[in-house]
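What follows is a short report on a single structure.
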Amino acid sequence: MTLTSRQLTLATLDRQLLLERRRLDVVEAVRLVCAVQAQSPASPYLALWNRVEGFAPEDLDAAFTDRRIVKASLMRITLHAVHADDYAPYHAAMVRSLRASRLYDRRYTSTELTDDDADALLPRLAGFLTRPHTGADVEAEFTADFGEHARRLWWALKTYAPIQHTPTGGPWSFKLPNTYLASAVDPEGESKDVAAGVRRLLLDHLRAFGPASAQDFARFTLLGRPVITQALSELGDQVVRVPGPSRTALYDLPDATVPAEDTPVPPRLLPMWDSTLLAHALPGRLMPEEYRPLVVRRNGDILPTLLVDGQVAGVWRTADGGLELTAFRKLDKAAWRGLTEEAEKLAALLANRDPAPYSRYNHWWDKGIPAAESRTVAG
């Protein structure tokens with residue numbers, strides 16, 4: 001049976017735990033959803049609040065502290081929170097892309113240091129980061145040998161070296177200045193596992209966001225098409241082709257299921273950069289094309305969104321001790337009732353942690369966001 005666009009959206013929502021919150025340990029929840037965007041310290045907490053029944057922020061604090069969940073530069077060259085067991089294969093899959101993004105960048109090449117200069121420092125960096133250090137500490141360590149180039153050398157290494165961010169306190173576990181710790185990954189051994197890492201990441205992407213196309217996986221990771229084609233070939237019958245609403249080839253796991261088209265979808269208040277908006281080729285599955293310029297800003301910021309019946313219907317921000325909900329279209333009473341209930345719960349969670357986690361992005365509202373309706377929900 002050919003899957004409809006609606007069923008693909010429902011499949012993503014289901015696998016992302018957004019059709020129904022589930023009572024799960026936060027570590028298991030992160031593994032199920034593959035990876036949680038962690039560009040903003042608050043986002044992993046709000047992502048899991050949307051997905052885990054009875055979510056307690058303290059549980060995520062503890063998981064970060066114990067390194068059962070780790071935060072590091074991975075897919076799309078941005079920070080993600082991932083299950084500790086997934087970090088090594090994901091880094092193996094991404095390391096060539098991460099490395100190229102820095103060593104071929106003019107900010108590094110202008111130093112006239114070579115690729116070998118950076119790579120040769122990986123063992124020394126791993127030794128230095130056997131305990132947490134700030135970026136300033138690392139720069140100071142390299143300054144004697146590299147002088148003014150130490151800053152740009154560290155800029156490159158901190159993206160592709162096998163290192164992780166360590167909790168520094170604050171309401172969301174991570175605050176400036178960032179501190180870093182070497183992972184247990186052996187850089188030399190890891191490079192031999194690139195193909196295995198890509199296969200592992202591709203399977204996990206299908207489990208968390210499938211059915212999906214090669215183009216979807218490319219957008220989620222920024223990996224090249226030849227690498228993805230090779231991984232699909234090597235996976236053999238571990239993946240299957242499924243018919244979809246277009247001619248684009250879709251792949252899935254053999255035992256995966258897709259919800260019925262009439263499955264109800266609850267409202268959600270997604271955090272900035274929620275992975276569901278970044279896991280598929282444009283136009284994506286949850287974002288109406290006409291709303292994309294309102295949500296995805298020109299510098300790449302993706303605003304916190306209102307989800308109504310599985311589709312982005314507006315944005316939200318904190319205001320006056322509560323939440324301001326801005327809808328791009330007229331919503332019915334049931335939708336507003338559901339969004340209001342969610343907003344009241346989220347405002348209560350934020351009040352105990354950080355009443356305004358995304359306040360630095362309020363300038364996007366100041367520049368004007370078209371609204372069909374706007375409501376403020378008290379905390």
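All values below come from the heavy atoms of this structure, side chains included, with hydrogens, waters and symmetry mates left out. In this chain, numbering begins with 1 at the start of the sequence shown.
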Check your understanding: Is the backbone N or O of A47 less than 3.5 Å from a side-chain atom of R51, with the two atoms forming a donor-acceptor pair by type?
Key -> yes
Is it true that the NZ or CZ of K333 lies under 6.0 Å from the centre of W336's six-membered ring and within 45 degrees of the ring axis?
no
*asked:* Is it the case that the side chain of E53 and the backbone of L24 share a donor-acceptor pair, with hydrogens and angles ignored and the cut-off at 3.5 Å?
replied: no
Mind checking whether H205 and F209 have parallel, tilted or perpendicular rings, split at 30° and 60°?
tilted
Heavy atoms of P245 and T2 approach each other most closely as N-CG2, 4.4 Å
* To do: Mark yes or no for whether R219, through its side chain, and H280, through its backbone, hold a donor-acceptor pair below 3.5 Å.
  => yes
task = Output yes when E58 and R353 qualify as a salt bridge under the 4.0 Å nitrogen-oxygen rule, no when they do not.
result = yes
* **Cluster check L74, M272: I/L/V/M/F/W/Y, side chain < 4.5 angstrom** => no
Is the count of non-hydrogen atoms from other residues, nucleotides or ligands lying under 6.0 Å from D145 atom CG greater than 12?
-> yes
Here the pair of heavy atoms bringing L306 nearest to W316 is CD2-CB, 3.8 Å
Between L125 and L157, the two heavy atoms sitting closest are CD2-CB, 4.1 Å
The reported gap from CG in L18 to CG in L10 (rounded to nearest 0.5 angstrom) is 11.5 Å
Check: Can the ring centroids of Y251 and F217 be said to lie less than 6.0 angstrom from one another?
Finding: no
All heavy atoms of Q311 vs all of M287, minimum pair found to be OE1-N, 4.2 Å
Side chains of R102 and T159: do they bring a donor and an acceptor to under 3.5 Å? yes
- Query: Any side-chain donor paired with an acceptor under 3.5 Å for Y358 and S43?
  - Reply: yes
Note to self: Between D354 and K175, does any side-chain N to carboxylate O distance fall below 4.0 Å?
What the structure shows: no
To the nearest 0.5 Å, atom CG of L323 lies from atom CD of E342 at 11.0 Å
Ion pair R6/D309, N-O distance below 4.0 Å:
yes
Worksheet item: So, do T221 and V198 sit near enough that their side-chain heavy atoms are less than 4.5 Å apart?
Response: no
* Asked: Tell me, do W364 and V315 make a side-chain contact under 4.5 Å, heavy atoms counted?
  -> no
### Query
When the ring centroid of F128 is compared with that of W154, is the distance short of 6.0 Å?
no
_W172 side-chain N/O to P44 backbone N/O, donor-acceptor pair under 3.5 Å_ = no
Closest non-hydrogen contact found for R21 with W49 is NE-O, 2.9 Å
Practice problem: Could you tell me whether the side chain of S173 and the main chain of G170 form a donor-acceptor pair under 3.5 Å? | Solution: no
Query - In one Ile/Leu/Val/Met/Phe/Trp/Tyr side-chain cluster, 4.5 Å: V82, V36 - result: no
Worksheet item: Does Y291 reach the side chain of R329, with side-chain heavy atoms less than 4.5 Å apart?
Response: yes
Q: Report the relative orientation of the aromatic rings in F64 and Y45; use parallel for angles under 30°, tilted for 30 to 60°, perpendicular for over 60°.
A: tilted
> Taking the six-membered ring of F174, is the NZ or CZ of K71 close enough (under 6.0 Å from the centre) and on axis enough (within 45°)?
Replying inline: yes
### Message
Working note: D115 + Y108, criterion side chain to side chain donor-acceptor pair (under 3.5 Å); need CA distance, chi angles, decisive distance, verdict.
### Response
CA-CA 9 Å; D115 299 1; Y108 180 77; 5.8 Å; no
Discussion item. Main chain of S5, side chain of T9: is a donor-acceptor contact present, judged purely on distance under 3.5 Å?
Written reply: yes
Measuring only between side-chain heavy atoms, which start at C-beta, is D274 closer than 4.5 Å to P271? yes
When every non-hydrogen atom of R152 is compared with those of S110, the smallest separation belongs to NH1-OG, 2.8 Å
So CD1 of I163 and CG of L181: to nearest 0.5 Å the spacing works out to 9.0 Å
Crowding at CD, E20 (>12 non-hydrogen neighbours, <6.0 Å)
no
CG of L223 to CE of M94, rounded to nearest 0.5 Å, is 4.5 Å
Note to self: Count I, L, V, M, F, W, Y as connected when their side-chain heavy atoms are under 4.5 Å apart, and connections chain through other members. Are L269 and L60 then in the same cluster?
What the structure shows: yes
N/O donor-acceptor pair under 3.5 Å between R96 side chain and A93 backbone = no
Under 4.5 Å between side-chain heavy atoms, counting indirect links through other Ile/Leu/Val/Met/Phe/Trp/Tyr residues: same cluster for L3 and L286 or not? no
May I ask you to check whether S213 and D216 show a side-chain donor-acceptor distance below 3.5 Å? yes
Q: Indicate yes or no: does D204 engage R31 in a salt bridge with an N to O separation below 4.0 Å.
A: no
With heavy-atom distances below 4.5 Å as the criterion, would you say the side chains of S275 and V33 are in contact?
no
### Task
Determine whether more than 12 heavy atoms belonging to other residues, nucleotides or ligands lie under 6.0 Å from atom CZ of R124.
yes
- Query: Can you say whether the rings of H80 and F220 are parallel (under 30°), tilted (30 to 60°) or perpendicular (over 60°)?
  - Reply: perpendicular
Between the CG atom in D252 and the CG atom in L8, the distance rounded to the nearest 0.5 Å is 9.5 Å
* Is it the case that more than 12 heavy atoms not belonging to R200 sit under 6.0 Å from its CZ atom? -> yes
Residues at least two apart in sequence or cross-chain that pass side-chain hydrogen bond (donor to acceptor under 3.5 Å, both in side chains) with S40, listed by chain then number, are none
Quiz item: Just by modelled atom types, is the S73 backbone N or O under 3.5 Å from a matching donor or acceptor in the H91 side chain?
Solution: no
